2 protein chains.
Amino acid sequence: MARPSDTKTRIQAAARELFLAQGVRNTSLKQISDRLGITKPALYYHFASRDDLVRSILQPFMDELEAFVAGREPTDARRLLDDYFDLVWRHREVFMIILNDPATLAALDLVDRIWEWRRRLAALLLGPDPSAAARIRATVAFGGMSDCVVEHRALPFEEVKSVAVGAALAALAA
Amino acid sequence: MARPSDTKTRIQAAARELFLAQGVRNTSLKQISDRLGITKPALYYHFASRDDLVRSILQPFMDELEAFVAGREPTDARRLLDDYFDLVWRHREVFMIILNDPATLAALDLVDRIWEWRRRLAALLLGPDPSAAARIRATVAFGGMSDCVVEHRALPFEEVKSVAVGAALAALAA
DNA sequence: GTCTATAAACCGATAGAC
DNA sequence: GTCTATCGGTTTATAGAC
């Protein structure tokens, strides 16, 4: 009844857990299949390759981030930081996976997209051609908020968000 | 003339370069030996194992960070952030290697030490038993500064330091 | 100190039966 | 959809000659 391949979802869930716990590159297909009680070749019925499986897990976050920096005109800083925090918090599992294995992302040719996002986020916040000092403060703001999502993920969303966004705004205005 | 095993140092230099460029886990001993024009087994004369080589590269930074959080009484925030920035900037190559491959560090059982350092840094800054809000602001400050070392490493040290420390102080006081 | 040769294990991926 | 069996490649690490 409308669940033709529950297995595919279970593979992604197991993979996400292992990627989060021990990194993408340090996780083998055998570890994933073992956790589900199936064999390694069975994975290949659901995914064309290992990279295909990895991508399928990262894709939703990547797509939303792409839409975030694309469909948005410059607005006030608080609104931008608020919305960015929401996005990263909502995808914090995948965000941590990316943060914990950037080398793997480079192998998937995603490193350019990430740099492009950083640049466009800064442009939304600072306008075109910002000063070096402004870019440094933006790094403290975005980087500091991102670290909060990871380090304080066990605390209530609202508390972390309001304090982190407030601190980031103060850093921007320093 | 007092350089009985220059090779050992050259191995570490080649390994550090490759670790920085493509991650620890994605670098094989063969790649390292190829770059030096020697063979892979030759490495084992100088290092007991691959992990031993990796550790020898990370050790100086780890030791200095250990001393930093150990031999220091609570002082004013600016001084603490200044000295922390200096330390991370001085070891920014190794710092980036760690940042770019945390999963490998976990395999080396170094993850607990890193968490312990974070806790003690926060304690030096905030005193014992700080509020959740204070800890969140400290994360923005330390995390934001750390990201600056990585992202703006091509800019002049003095400029990055003064702006980043200023922004971190503002985040703390938000 | 460095070499050749090789062991032993693991990896991603495919073939083909059921 | 899942299995067994296996291929081809890579890795860390060791043995032993020089």
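Everything numeric here is computed off the predicted structure, so don't read it as measured data. Proteins get letters first, then strands, A, B, ... in listed order; numbering begins at 1 in each.
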Which nucleotide sits closest to the side chain of A:S28: C:dT2, C:dC11, D:dA13?
-> C:dC11
Out of D:dA13, C:dA13, C:dC11, whichever nucleotide has its closest atom nearest the side chain of A:K30 = C:dC11
Whole angstroms only, please: what is the [atom1]-[atom2] distance between [X] and [N]?
X: B:N26; N: D:dT10; atom1: CG; atom2: P; value: 15 Å
X: B:Y45; N: C:dT4; atom1: OH; atom2: C1'; value: 19 Å
X: A:R25; N: C:dC10; atom1: CZ; atom2: P; value: 16 Å
X: A:R50; N: C:dT14; atom1: CZ; atom2: P; value: 15 Å
X: A:H46; N: C:dA13; atom1: NE2; atom2: P; value: 16 Å
X: A:F47; N: D:dT2; atom1: CZ; atom2: P; value: 12 Å
X: A:I11; N: D:dT2; atom1: CD1; atom2: C1'; value: 11 Å
X: A:L29; N: C:dT14; atom1: CG; atom2: C1'; value: 13 Å

Does anything in residues 33-44 of chain A reach DNA chain C, meaning a heavy atom under 4.0 Å, and if so which residues?
-> A:K40, A:P41, A:Y44
Joint cluster assignment, B:V150 & B:L58, ILVMFWY side-chain distance < 4.5 Å | yes
Salt bridge (Lys or Arg N to Asp or Glu O under 4.0 Å) involving A:D52 - partner list, sequence neighbours excluded | none
When you check the gap from the basic side-chain N to the acidic O, do A:E151 and B:R135 get nearer than 4.0 Å?
-> no
Just by modelled atom types, is the B:R25 backbone N or O under 3.5 Å from a matching donor or acceptor in the B:D101 side chain?
-> yes
Hey, does the side chain of B:T7 come within less than 4.0 Å of C:dT2's phosphate (OP1/OP2), counting only N and O?
-> yes
Do B:H46 and B:T7 have side-chain atoms, one donor and one acceptor, less than 3.5 Å apart?
-> no
So does B:D63 have more than 12 non-hydrogen atoms from other groups sitting under 6.0 Å from CG?
-> yes
Looking only at non-hydrogen atoms, find the nearest pair between B:A133 and A:V163 and report the distance.
-> O-CG1, 3.5 Å
